[in-house]
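Here the structure comes first, spelled out in structure tokens, and everything after it is commentary.
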Amino acid sequence: MTAKVVTITSGKGGVGKTTAVANLAVALAADGAKVVCIDGDIGLRNLDVVMGLENRIVYDIVDIIEGRCRLRQAMIRDKRLPELYLIPAAQTRDKTAVSPSDMIRVCKELRQEVDWVLIDSPAGIERGFKNSIAAADSVLVITNPEVSAVRDADRVIGILEAEGKGSPQLILNRLNPAMVKKHDMLSAEDVLDLLAIKLIGVVPEDSGVIVGTNRGNPVALDPKSRAGQAFRNIARRMKGEEVPFLDLEAGDGLWSKLFGRKS
Amino acid sequence: MMNFFSRKRRSAENAKERLQLVLIHDRTNLTPAELEALKDDLIATISRHVSIDPEAVQIGVEADGRTQRLIADIPLKNITRRARMRT
Ligand SMILES: Nc1ncnc2c1ncn2[C@@H]1O[C@H](COP(=O)(O)OP(=O)(O)O)[C@@H](O)[C@H]1O
Ligand SMILES: [Mg+2]
């Protein structure tokens, strides 16, 4: 196997990176792929609780890097899906415990074992972010339809391009169709106009995401969830499938933007 | 529906316009003051070669995808026509 390493990042905190990693990992694994996700937020571990795996942690990524355990021992197996694993962040250390070359080394070993490595980046554009993107084959930038989130996403896209990571793809999260309709929220079309990168998916604002997180059950496991459907669609697009975009009042212009201006 | 008496700008348009300006500054590191200074230099340089009206010069930065373009519109004074008009 040769895994694809994909990092989800945003610049701004709280826009849905951890939620997206958990849901995309679950969606890919439910489809039969072997998936490892890595919590890159050293000192602010969260992916474990979002995935409902917090009680199973023994070792973490810093234990792997510092040689206290083997890679396999720090891979926590998911309780629902047999081919899904989590490598947790260290909670009592900081970002300096990991370097970009450590991440490249760990991912190199993982590439032999799985189909996908998904990395949950911390907020910001410093060390933790640099660590998280070091090994990435591709990057997904996630943002909300909101001024500060879009501005920070633009900064991150600029840095990724400058670092030679190529143009990332965009996840627009927490879109509220009713507010877009009233012109009180940026539409998907607006955000694409501003950021000028390729869209991989739009996820609606959905209270089910919070309910699912409360229970440690990512919504992508719920066949009836709108947000879950959006995450499942993104997972399929990551695999290269052509999946039509959900109708989320994105604005009529979105369709011409997606299909008329393909790069 | 928009009421005749409450023609408030829709906040999404507001957000988009403000972001368009802020992103151009973030991406180019060019402040409005620096752009003014650039305009003055440009006018001085061009005036050494051709006759222009400084008041008519327009300069700005436009986003084209993720690339920013410096757009300058510099109308040239038409000397011959002026000369003919005077005679
Ligand atoms: N589509 C969504 N609808 C509703 N709530 C969401 C959605 N996506 C994320 N959230 C909530 O937003 C908060 C921040 O999400 P999180 O994934 O922790 O962000 P980050 O990892 O970028 O800091 C969480 O409370 C999460 O449940
Ligand atoms: Mg997070």
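Just so we're clear, the structure is a prediction, and the values are computed from it rather than from any experiment.
- The shortest non-hydrogen separation linking B:Gly65 to A:Ala196 is C-CB, 3.5 Å.
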Exercise for the section: Evaluate the criterion side-chain contact (heavy atoms from CB on, under 4.5 Å) for residue pair A:Asp190 and B:Leu19; output intermediate values, then yes/no. Expected result: CA-CA 10 Å; A:Asp190 291 334; B:Leu19 271 166; over 6 Å; no
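- Surrounding NZ of A:Lys239 are more than 12 heavy atoms belonging to other residues, nucleotides or ligands, all under 6.0 Å away.
- Atom CG of A:Asn214 has more than 12 neighbouring heavy atoms from other residues, nucleotides or ligands inside a 6.0 Å radius.
- Residue-environment remark: CD (B:Glu55) stays at or below the threshold of 12 foreign heavy atoms within 6.0 Å.
- With a 4.5 Å cut-off on non-hydrogen atoms, B:Ala63 does not touch chain A at all.
- Here the straight-line distance linking atom CG of A:Leu186 with atom NZ of B:Lys16 works out to 8.5 Å at 0.5 Å rounding.
- Contact residues of residues 146-162 of chain A toward chain B are A:Val147, A:Val150, A:Arg151, A:Asp154, A:Ile157, A:Gly158, A:Glu161 (heavy-atom distance under 4.5 Å).
- Annotation: B:Glu62, atom CD; neighbour count of heavy atoms from other residues, nucleotides and ligands within 6.0 Å does not exceed 12.
- For B:Arg66, the parts sitting under 4.5 Å from any heavy atom of chain A are the backbone and the side chain alike.
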